[in-house]
2 protein chains.
Amino acid sequence: MTMQATDIRTTQTASSYAPMFMAASGGDHGIDIEAIREHVQVRRCKHVAGQSIYHAGQPFHAIYLVHAGSYKICELADDGREQVSGFRMRGDLMGVESIGLKAYASDVIALEGSEAWELPYPAVLRACLHVPELHAHLTSALAAEIRCDRSWMLMFGTLAAERRVAAFLLDVAARYARMGYSAKHFILRMSRIDMASFLALKHETVSRALSHLHDMSYIDVQRREVRVLDVNGLRSMAGMSAALN
Amino acid sequence: MTMQATDIRTTQTASSYAPMFMAASGGDHGIDIEAIREHVQVRRCKHVAGQSIYHAGQPFHAIYLVHAGSYKICELADDGREQVSGFRMRGDLMGVESIGLKAYASDVIALEGSEAWELPYPAVLRACLHVPELHAHLTSALAAEIRCDRSWMLMFGTLAAERRVAAFLLDVAARYARMGYSAKHFILRMSRIDMASFLALKHETVSRALSHLHDMSYIDVQRREVRVLDVNGLRSMAGMSAALN
DNA sequence: GAACCGCCGTTACAAACCGTTACAAATCGT
DNA sequence: ACGATTTGTAACGGTTTGTAACGGCGGTTC
């Protein structure tokens, strides 16, 4: 059960921020947040686990930049089916897929104590007029999001269950590495159920796959804590797909 | 598309959802081609079946607008795996996912006698300066492409093989309908193998699913010729309500 | 703190689904 | 007409799922 983001607290904007923000997975583009903040009133929104930033169908008014924690993107069907289409971490943009619509197309739900910066879209457009590079950045971010989804389509369509799990771990590891953390030892921030939804598997299958990767000494896994023991083993299992980075 | 009483979505926004998994299509971009042609030198490119417009890795220089026929978009892994990530028909844009890159990220291959209009990207950017709406169109097109891929993920992640085939048929039918052709009787332009790749199935499974849909009198299918006999049957199988028309 | 509860994660076993393999028929290209 | 390609059908086997049971963990209540 998800909660409505009714108790978002608006705080003063932070003074400093890391210069580089990588987009989810496809991301070789960096959003220049300082340039944005000169023209856009940024609101910092904190969320607890299970709280949603926005739901599909709510009026589209802003895009969001993840500042801390993790969020999951959920696609919904009218008959109740649900699909996690991705996870977002620090530096990732959220909501860009709804640009051009009146309402958001997906749900975004916080996985834990997280914070996202709200960038009202009209203001972003105005900022694009003053900072020409910003528009290129935004377009590149959209294109990168497409490539990200395409990479997962390639993975879903061509890899068996265990290989998908291996590819997922490598992707998570790569993202932690880009953020300056260890790629060999990390904590998964999502439940097995969310992982399973994202990988188009059942959560029991994910558990079995992780256990098997453990048995083969590719990883050391204990609940959400993962230690990568054999990167090349994982890579060969994931089809050497560097496209996911 | 029915909504439950508790559904927060409004009727207006519901119509902006892709009614079916639209990954097969690029959506309705509504590109104003006449506005473009005032500023961009458009080259008309004809292709025979199997011919590629561009391959992954080739320098990115232009985007393409499908004028006639069909194209398939292929994602490639370095170990040879291949995934059809979508089909494009008249009015669809191709190549936008590579904006911001030096090289194209996918292959695009013609399915039959087809024609695409080449729009050199630098010229498109210049045209955006003269025609402000064009930039919004381009951004919307990119966002729409993301939503198409997300619909695919929802479909693939939540529907069993036969249901995916049913959803695919409905999507194709809807596309033909939008182009002014019959939604009840059409010719599939792609092979079973391409269909299977797109649906993350094997071509035998696609054949079996089509035969079964035939046995249930939902469709009449003979090789690539399809007649829809029971739209509501198909819709219920694809996880959609029968209300939509 | 202790007992309780709900959720998450793991494992075992059985069942269902889909992929694999094989082969034949239909269609297409030359 | 001929061979190559595409498509359809079937039997079999493997992968994934369904079901159930169990333990761990965190939060709540008393």
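Side-chain atoms are counted along with the backbone in the values below, which use heavy atoms only and exclude waters and symmetry mates.
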Write down the distance between NZ (B:K202) and P (D:dG14), rounded to a whole number of angstrom. 17 Å
Between C:dG19 atom P and B:R192 atom CZ, what is the distance in whole Å? 16 Å
Side chains of B:T205 and B:R208: donor-acceptor distance under 3.5 Å anywhere? yes
Side chains of B:Q83 and A:T158, donor plus acceptor under 3.5 Å: no
If I take atom CZ in residue B:F156 and atom P in nucleotide C:dC18, what distance separates them, rounded to the nearest angstrom? 11 Å
Base C:dG9 paired with A:R208 side chain (donor-acceptor, <3.5 Å): no
Ranking A:A161 and A:H203 by the position along DNA chain D of their nearest nucleotide, the one closer to 5' is A:A161
I need the CD-P distance between B:Q222 and C:dA25, as an integer number of Å. 17 Å
How close or far is atom C1' of C:dC13 from atom CD of A:E204, stated in whole angstroms? 13 Å
How long is the line joining CG of B:L213 and P of D:dG8, in whole Å? 12 Å
Rounded to whole angstrom units, what separation is found between the CZ atom of B:R223 and the C1' atom of D:dT7? 5 Å
Atom-pair distance (CD1 on B:I193; C1' on D:dT5), nearest Å: 9 Å
OP1 or OP2 of C:dT11 versus the side-chain N and O atoms of A:S211: is any pair under 4.0 Å? yes
What does A:S207 touch in the nucleic acid at a heavy-atom separation under 4.0 angstrom: a base, only the sugar-phosphate, or nothing? base
Counting any heavy atom closer than 4.0 Å, what does A:L201 reach on the DNA or RNA strands: base, sugar-phosphate only, or nothing? sugar-phosphate
Determine the interplanar angle of the B:W152 and A:F156 rings, folded into 0 to 90°, and report it as parallel if under 30°, tilted if 30 to 60°, perpendicular if over 60°. parallel
Donor + acceptor pair across side chains of B:S182, B:H185 (<3.5 Å): no
Do the side chain of B:R90 and the main chain of B:H67 share a donor and acceptor less than 3.5 angstrom apart? yes
Mind checking B:S191 for me? I need base, sugar-phosphate or nothing, with any heavy atom below 4.0 Å counting as a touch. sugar-phosphate
For B:R224, which contact category applies under a 4.0 Å heavy-atom criterion: base, sugar-phosphate, or nothing? sugar-phosphate
